There are 2 protein chains.
Amino acid sequence: MTTDDPNNDRTPTLADVARLAKVSTATVSRCLNSPDRVIEKTRTKVLAAVRDLGYAPNFNARALAAKHTNTIGAIIPTMENAIFARALQAFQEELGGSGVTLLVASSSYRADLEEEQIRTLVSRGADGILLIGYHRDPKIYEFLQRQGVPIVVAWVFDPQADVLTVGFDNFTAMKALADKVISMGHRRIATITANPEYNDRASERLRGIRAAMSEAGISATDLSIVESAYGIDEGGKALEQILAQPVRPSVVMCGNDVLAVGAIARAKELGLRVPEDISVTGFDDIEIAKISSPPLTTVHVPHRRMGKEAARMLINLVNATKDQKNTLIETSLKIRSSLSKR
Amino acid sequence: MTTDDPNNDRTPTLADVARLAKVSTATVSRCLNSPDRVIEKTRTKVLAAVRDLGYAPNFNARALAAKHTNTIGAIIPTMENAIFARALQAFQEELGGSGVTLLVASSSYRADLEEEQIRTLVSRGADGILLIGYHRDPKIYEFLQRQGVPIVVAWVFDPQADVLTVGFDNFTAMKALADKVISMGHRRIATITANPEYNDRASERLRGIRAAMSEAGISATDLSIVESAYGIDEGGKALEQILAQPVRPSVVMCGNDVLAVGAIARAKELGLRVPEDISVTGFDDIEIAKISSPPLTTVHVPHRRMGKEAARMLINLVNATKDQKNTLIETSLKIRSSLSKR
DNA sequence: TTGTAGGCGTTATCAC
DNA sequence: GTGATAACGCCTACAA
């Protein structure tokens, strides 16, 4: 065998294909990327060589030369939650339909990890990035802008923001639920929320509850707040904290459905009846809300629609097809039996 | 400005850093990759330049030159299921601890998509890949081997397989549960399962039920099988199919917990009491199993441990640290009140 | 310890 | 329609 015999065991390259098909590497490249720019006969010849060699293009080399990757990244707080998973699935489906592949990372709700992952995604050449929630170090937005990587922020709707958002108004949505709760006679309210300091969805929802109470003339001191990580067990523990307080609330408004079903389960374990002894509400309307017993009163969020819309916006943004605008996703109240009159 | 003025708006490169720090690109590269191979003084100088420019290495260029990416890929059937999410989270945590980043893709339980994603991961230069389940076209294994990309297969334990596996024995685990079910007096059994043809976990579990029945001298005709996609609603629909059959079974053994809670919810909606009128079992022991009402009898699978172990094996495999061997993850029965004596 | 220079596999700009 | 050939940004012998 001569030195430049292509038939050794390293993975085949464009050059190998070109040699076998007796054309130039440029032609092979064209066959793969814009087949119509090459004559039928040579195309079949090249494609045959591709198949014979089991050639697969080297993505990194391609990205390096082409300066785009047909890849969009997404950073979600966690995969261990149907909420994000559902939206992400729709996001991916929509992307796939346009031939772009998705790169996912999860930040575990940690700002430092998220920042790291943003840099990773950028250095990997993501053509665009999906982020959850608006609140983060301004430097990150500057960085992204400098790098020329377009982003879309989901889960919030904010026409004021200087980035594109797709989502709903967390304040209004939770306020609507709180209005309903109050209209049913509840005065002493407890809430289980994520740390609102670094989570704008959580802080807006909390603000919604406060606004509703204030409007109804209920003292802010009648709201007791427990912060908790998201999780079923965590919801249960938070409920225990609430019950340990001197005055028992008549309703517990939870930051999401996962916390809520955890709270319900624990309440029942402790011998309380839901909703007779204590009402519970959630947020998101994921599948467990329906099968919970009692079924959960919650705010319905069309996650799949949001994911799909985010993908559409991002694709258009990357292609600079046209000016995109913020898009509002409508939410609605889902009243089920975990909430009853006081 | 001269033509080679670095101070324009394209993103900075190694060369820019080198110029600013007045060293060669090789030195900059070394500073970043093996800092100890360069003297303190020049290192600080270089690092300062890196910061000033906001330089971030181009991942694709690095991968192209270095021929490895410090990246491991994982393809899971779906993200919309806590089962995989939980294992994947642990997988990622373990990888992160070793400085390797994770690339995730989800195949939607479709063999064709999975194959495509495997090729994508390979062409992106993944140093190793995690796959779920052993059953797939042998050509894929050949391809992976030719490309020199090591893999680990999770969710199954099979010492016979010619690839590394980490998981449990689906047959034995489900048989143990079926043994228990039968010991409680059940004779007419129904099962809701994923299509066993392309899902070796499902087919092994089904085989486990059959073996237990056979050992107990129960006719195979006393098993009624309903195939279903995984999902809460799907579980409910499958239960309806079961109830529509002439003879009602006394127990429904589900392929996973998600199907099981869906079946329970639907049964209750239809006025049946669980377990008095019909018992239900699951598989996996995810969080909803505990909060289901009644709580779900199921097979406990330590998903996080499995994910962590998979990461460890893959890292060692990539580094060729030492010979890896198949590792067995122990499962256990979780008996809760959704199963009662016949 | 540091610098020089060739190469990694593609794409894209030119000619022809 | 096709073929040379120069980038793309980084790593890594090899030399100094």
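In this text, all values refer to a predicted model and were calculated from it rather than measured experimentally. By convention in this document, chain letters (A, B, ...) are assigned in the order of the sequence lines, proteins followed by strands, and residues within each chain are numbered from 1.
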A.B. asks: With a 4.0 angstrom cut-off to heavy atoms of chain A, pull out the first and last contacting nucleotide of DNA chain D, in 5'-to-3' order.
C.D. replies: dG1(D) to dG9(D)
A.B. asks: Any donor-acceptor pair under 3.5 Å linking the side-chain atoms of T165(A) with those of D158(A)?
C.D. replies: no
A.B. asks: If the plane angle is over 60° it's perpendicular, under 30° parallel, otherwise tilted; pick one for F84(B) and Y109(B).
C.D. replies: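 Plane angle over 60°, so perpendicular.
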A.B. asks: Scan nucleotides 6-16 of chain C nucleotide by nucleotide, 5' to 3', and note B when protein non-hydrogen atoms come under 4.0 Å of the base, S if they reach only the sugar-phosphate, - if neither.
C.D. replies: -BBBBBB----
A.B. asks: Check the surroundings of atom OH in Y141(A): do more than 12 heavy atoms from other residues, nucleotides or ligands lie under 6.0 Å from it?
C.D. replies: yes
A.B. asks: If we count only N and O atoms by modelled type, under 3.5 Å, do the side chains of S106(A) and Q92(B) hold a donor and an acceptor together?
C.D. replies: yes
A.B. asks: Around atom CG of D323(B), are there more than 12 heavy atoms of other residues, nucleotides or ligands at under 6.0 Å?
C.D. replies: no
A.B. asks: The criterion is side-chain hydrogen bond (donor to acceptor under 3.5 Å, both in side chains); which residues satisfy it with D36(A), sequence neighbours excluded?
C.D. replies: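 side-chain hydrogen bond (donor to acceptor under 3.5 Å, both in side chains) list for D36(A), sorted by chain: empty.
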A.B. asks: Decide whether R124(B) and T71(A) meet the rule of one side-chain donor and one side-chain acceptor closer than 3.5 Å.
C.D. replies: yes
